[in-house]
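Order of listing sets the numbers, starting from 1, for every ligand and every atom in it. Bear in mind that the values here come from a model prediction, so they are computed numbers and not experimental data.
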Amino acid sequence: MEMIANYINGELKPPHSSDYLDDVNPATAEIFAKIPLSDEEDLQDAITSAEKAFKEWSGLSAKERADYLMKIAELIQENLEELAMAESMDTGKPIQLAKTVDIPRAASNMEFFAHAITQFSSESHAGKDSINYSLRKPLGVVACISPWNLPLYLFTWKIAPALASGNCVIAKPSEITPYTAYLFSKICVEAGLPKGVLNILHGTGPEIGNAIVQNKKIKAVSFTGGTATGRKIAEISAPMFRKVSLELGGKNPALVFADCDLDKTVEGLVRASFTNQGEICLCASRIYIEDSIYEDFKARFIDKVKALKVGDPLIQSNNMGALVSSQHLEKVKNYIALAKEEGGQLLCGDEAFELEGNNKQGYFLRPHVFENLPIQCRTNQEEIFGPVVSLSRFEGEEEALVLANESEYGLASTIWTTDLSRAHRIGAQIETGIVWVNCWMNRDLRTPFGGMKNSGLGREGGLEALRFFTEPKNICIQF
Ligand code: NAD
């Protein structure tokens, strides 16, 4: 059985405590690795090594740092098959998704910020008798904490800009899916990343995660995860006047107008609802359909959802794999029961669904679609983060907008219409940080990424991430 190791001061190390947690394959319920439970001593070692590495790393030219990131990107590509297999085994996601989305995107993250840092220029303002220019300095030792749903994809999305801009990093992957972060640490060793520049600590959120956030030597925290955890991190960080970037939960609305291209919309929304078993913060979960096409949309949508193949994630033709853990499966099933209590009518889904053979004990669930749920009910307001969506009707643009905005979340939305003016009008008024028109999860890494309301604080992506990980200093010179 593989014993996952921490990555501290350039070396793979067991935890001081010698305590481990099980790493479970959700498609088979088998334990395939052991996860170190890191403690304060491991954190101290990581911080000492990061502080020591900071002077030299921040003193390198942008091009020199970019070269390390490019080397890491290259090694991710070279090891794509192994990484995709590990990601699928750890999360239950279809291997095809890991091969085409998760792992290539992890390589792109490293490449993108390697290029971006070489183009990151400071501002200058010339006046009548003076000139101002801004320096952008790295912050020091920063923390990157990421969730389980897109493990390597989101881990590298944070680490790449932090390192590119000259910081040293203490990173913590989710204890539910730590395996590709461990493989990533081996890649960093192979790439010759200088000692201490990146340190990866494994363990639980309430223990090592909390210890990282409590530590005053950490100059910034970039966090992606649940809203409740984000709130705790904000509370701890506020009295330290520390920078935080919080990418949190969502309850994403989709607005389907009668003038949409129906085939494209149905196909797009099946993908938006059930990719990665619905375990993407950007997945659509509240689908509002204009009354005149409601029945037509519903019939076509349900047909396509019923055709989705749920099964062994290692079989390439399966569309959906297993949910990430037995606890998460229970949580989603509880929401399905709640939806029924709240008056929802189940249009498709089967909770008793089970597979045979190796996958008999796995945490599989067929996609569930409800209708007739009251807008304000818990199933329409709380994040389920699984393969469950709710269909509702609206009449006209005004009502569509009210329904979409009736949420404490504000991460992502989709608008399906062929009326360009309408798309602009709604795009400007809808309360989400990301708006997709006639598409979903079409990502350009240069764009600001993040949520409004309880979906977060700050933006990642492109120059926003480089600004977050640097401190501006203005220098004014009088002629
Ligand atoms: P989570 O908040 O439970 O955990 C996220 C990470 O934080 C994990 O590494 C965990 O160990 C750590 N953590 C937990 N408690 C902590 C604490 N007290 N102090 C420090 N670290 C702590 O979230 P999760 O269940 O892993 O992920 C699912 C959530 O993530 C969903 O709400 C989803 O919407 C959200 N998410 C958001 C985005 C986005 O970009 N907005 C992307 C992916 C996932």
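Of the residues E383, E382, E342, the one that meets the side chain to side chain donor-acceptor pair (under 3.5 Å) test with Y335 is E382.
Scored by the side chain to side chain contact (heavy atoms under 4.5 Å, CB included) test, E408 finds N454 as partners (sequence neighbours excluded).
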Identify all pairs of nitrogen or oxygen atoms, one from ligand 1 and one from the protein, separated by less than 3.5 Å, and list them with distances.
from	atom 1	to	atom 2	distance (Å)
ligand 1	2 (O)	G226	N	2.9
ligand 1	2 (O)	T229	OG1	2.7
ligand 1	9 (O)	S146	O	2.8
ligand 1	9 (O)	K172	NZ	3.3
ligand 1	11 (O)	K172	NZ	2.8
ligand 1	11 (O)	E175	OE1	2.6
ligand 1	11 (O)	G205	N	3.3
ligand 1	19 (N)	N210	N	3.4
ligand 1	23 (O)	G226	N	3.3
ligand 1	25 (O)	W148	NE1	2.9
ligand 1	26 (O)	W148	NE1	3.4
ligand 1	30 (O)	G225	O	3.3
ligand 1	32 (O)	E383	OE1	2.6
ligand 1	34 (O)	E383	OE2	2.5
ligand 1	41 (N)	L248	N	3.3
ligand 1	41 (N)	L248	O	2.8

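The backbone N or O of G226 sits nowhere less than 3.5 Å from a side-chain atom of R231 that would complete a donor-acceptor pair. No side-chain donor-acceptor contact under 3.5 Å links N318 to the backbone of M320. Using modelled atom types, one side-chain atom of T447 and one backbone atom of D444 make a donor-acceptor pair closer than 3.5 Å.
Enclosure of atom NZ in K264 is not indicated, since only 12 or fewer non-hydrogen atoms of other residues, nucleotides or ligands lie within 6.0 angstrom.
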